[in-house]
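Taking it in order: structure first as structure tokens, then the write-up.
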Amino acid sequence: MKLEIEITRLDYLNFNKYFFIKTRLKKTVFTGLITILSLQIILNRTEFDLFTTVVSTIVCIAVYFFAIYFSILSTESKPKDDSIILGLKEMEFNEDAMLCESSAASSIVNWSTIKSLEEGRTAFYLFIESSSAFIIPKRYFKSEEQLNEFKNLIQSKITVK
């Protein structure tokens with residue numbers, strides 16, 4: 001199977017969102033809850049004030065949410081325009097390996113190197129390390145049948161280790 005794809009900044013951003021939700025969301029929410037709880041203990045140590053509690057909680061949640069949002073959003077600009085991450089790529093998936101060719105680099109990735117296939121809303125992610133993956137946008141599949149064929153091919157290759 002061959003695919004000609006283009007990895008855009010939006011694809012890279014979507015990967016970072018997916019990765020954050022998968023790996024850090026629970027810890028981040030837990031840390032936020034501990035922060036809010038600590039803040040409330042400090043603000044209400046002498047006497048409880050409902051208005052202060054509600055306002056400070058809302059402000060804390062808003063600040064925390066925007067900090068996370070802008071942190072993820074900033075990853076979109078991380079790769080340089082001439083990096084090997086972004087741009088046009090020709091991907092070939094054959095019996096022995098996955099071949100990836102772009103104007104900046106070419107690679108042959110043995111199936112044993114791919115740790116997992118994960119599916120996001122907009123793309124497939126072929127993880128080669130815990131935080132590093134090949135991004136295969138779903139928009140390049142012509143049909144649901146081709147998408148399922150791709151998924152089955154990759155799953156059969158990485159589970160046969």
Side-chain angles (χ1 to χ4, degrees), residues 1-36 57-58 60-161:
M1 174 182 278
K2 271 189 177 183
L3 290 173
E4 288 187 23
I5 63 173
E6 181 177 9
I7 306 300
T8 64
R9 290 192 180 282
L10 183 59
D11 295 322
Y12 187 72
L13 176 65
N14 286 334
F15 169 70
N16 283 298
K17 283 186 215 174
Y18 175 84
F19 189 72
F20 173 81
I21 290 168
K22 176 186 170 220
T23 60
R24 295 186 7 226
L25 182 63
K26 287 180 185 174
K27 184 178 179 181
T28 303
V29 169
F30 180 74
T31 303
L33 290 174
I34 296 297
T35 303
I36 290 170
T57 299
I58 290 170
C60 194
I61 289 171
V63 167
Y64 204 67
F65 172 79
F66 283 112
I68 293 166
Y69 177 76
F70 287 115
S71 173
I72 292 171
L73 198 59
S74 73
T75 63
E76 182 181 24
S77 62
K78 295 268 191 242
K80 305 271 188 251
D81 287 330
D82 59 349
S83 73
I84 61 171
I85 295 171
L86 303 177
L88 296 169
K89 300 177 184 329
E90 188 172 297
M91 310 279 298
E92 183 177 341
F93 307 92
N94 63 33
E95 287 301 311
D96 302 320
M98 178 180 79
L99 298 103
C100 179
E101 190 147 340
S102 71
S103 61
S106 75
S107 59
I108 299 172
V109 180
N110 293 327
W111 291 118
S112 60
T113 306
I114 298 175
K115 307 294 184 233
S116 67
L117 167 70
E118 297 188 25
E119 185 175 356
R121 217 172 33 86
T122 61
F124 289 106
Y125 305 111
L126 299 172
F127 279 88
I128 54 174
E129 295 291 331
S130 62
S131 62
S132 190
F134 285 93
I135 302 168
I136 314 292
K138 291 180 179 180
R139 67 182 175 272
Y140 291 100
F141 295 97
K142 294 177 176 113
S143 66
E144 190 73 28
E145 184 180 307
Q146 188 185 31
L147 194 136
N148 288 329
E149 180 184 327
F150 171 79
K151 199 170 16 175
N152 291 337
L153 171 71
I154 302 301
Q155 286 173 336
S156 72
K157 295 301 179 187
I158 63 173
T159 55
V160 175
K161 294 181 180 179

query: Can you list the steps and then say if Phe141 with Phe124 is a side-chain contact (heavy atoms from CB on, under 4.5 Å)?
result: CA-CA 11 Å; Phe141 295 97; Phe124 289 106; 3.9 Å; yes
Would you give the length of the straight line joining atom [atom1] of [X] to atom [atom2] of [Y], rounded to the nearest 0.5 angstrom?
{"X": "Ile5", "Y": "Tyr140", "atom1": "CD1", "atom2": "OH", "value": "7.0 Å"}
{"X": "Gln146", "Y": "Lys138", "atom1": "CD", "atom2": "NZ", "value": "13.5 Å"}
{"X": "Leu88", "Y": "Thr8", "atom1": "CG", "atom2": "OG1", "value": "11.0 Å"}
{"X": "Ile128", "Y": "Ile114", "atom1": "CD1", "atom2": "CD1", "value": "8.0 Å"}
{"X": "Ser102", "Y": "Ile7", "atom1": "OG", "atom2": "CD1", "value": "10.5 Å"}
{"X": "Leu126", "Y": "Glu118", "atom1": "CG", "atom2": "CD", "value": "10.0 Å"}

Any sub-3.5 Å donor-acceptor pair from [X]'s side-chain atoms to [Y]'s backbone N or O?
{"X": "Lys89", "Y": "Ile136", "answer": "no"}
{"X": "Tyr18", "Y": "Arg121", "answer": "no"}
{"X": "Asn148", "Y": "Glu145", "answer": "no"}
{"X": "Thr28", "Y": "Arg24", "answer": "yes"}

query: Under 4.5 Å between any side-chain heavy atoms of Asn110 and Asp96, yes or no?
result: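 A side-chain contact under 4.5 Å is absent here.
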message: A side-chain contact here means heavy atoms from C-beta on lying under 4.5 Å apart; do Tyr125 and Ile135 qualify?
response: yes
- prompt: Has Leu10 got more than 12 heavy atoms of other residues, nucleotides or ligands less than 6.0 Å from its CG?
  reply: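 Yes - once you tally the heavy atoms of other residues, nucleotides and ligands closer than 6.0 Å, there are more than 12.
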More than 12 heavy atoms from other groups under 6.0 Å of CZ on Arg139: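 Yes, enclosed.
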Check [X] against [Y] and note the closest heavy-atom contact, atom names and distance.
{"X": "Ala123", "Y": "Pro137", "result": "CB-CA, 3.8 Å"}
{"X": "Val109", "Y": "Thr113", "result": "CG1-CB, 3.8 Å"}
{"X": "Phe19", "Y": "Ser130", "result": "CE1-O, 3.1 Å"}
{"X": "Lys17", "Y": "Ile72", "result": "CG-CG2, 3.5 Å"}

- request: Hey, can you tell me if Phe15 and Tyr12 have their rings parallel, tilted or perpendicular (30° and 60° cut-offs)?
  value: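 If you compare the ring of Phe15 with that of Tyr12, the planes turn out tilted.
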query: What class does the angle between the rings of Trp111 and Phe93 fall in, given that below 30° is parallel, 30 to 60° is tilted and above 60° is perpendicular?
result: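 Rings of Trp111 and Phe93: parallel, under 30°.
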field: Test side-chain contact (heavy atoms from CB on, under 4.5 Å) applied to Met91 and Met1, step by step
entry: CA-CA 8 Å; Met91 310 279 298; Met1 174 182 278; over 6 Å; no
task: Could you walk me through whether Thr31 and Tyr64 pass the side-chain contact (heavy atoms from CB on, under 4.5 Å) test, one step at a time?
output: CA-CA 10 Å; Thr31 303; Tyr64 204 67; 3.5 Å; yes
field: Stepwise side-chain contact (heavy atoms from CB on, under 4.5 Å) check, Glu149 with Asn152
entry: CA-CA 5 Å; Glu149 180 184 327; Asn152 291 337; 5.9 Å; no
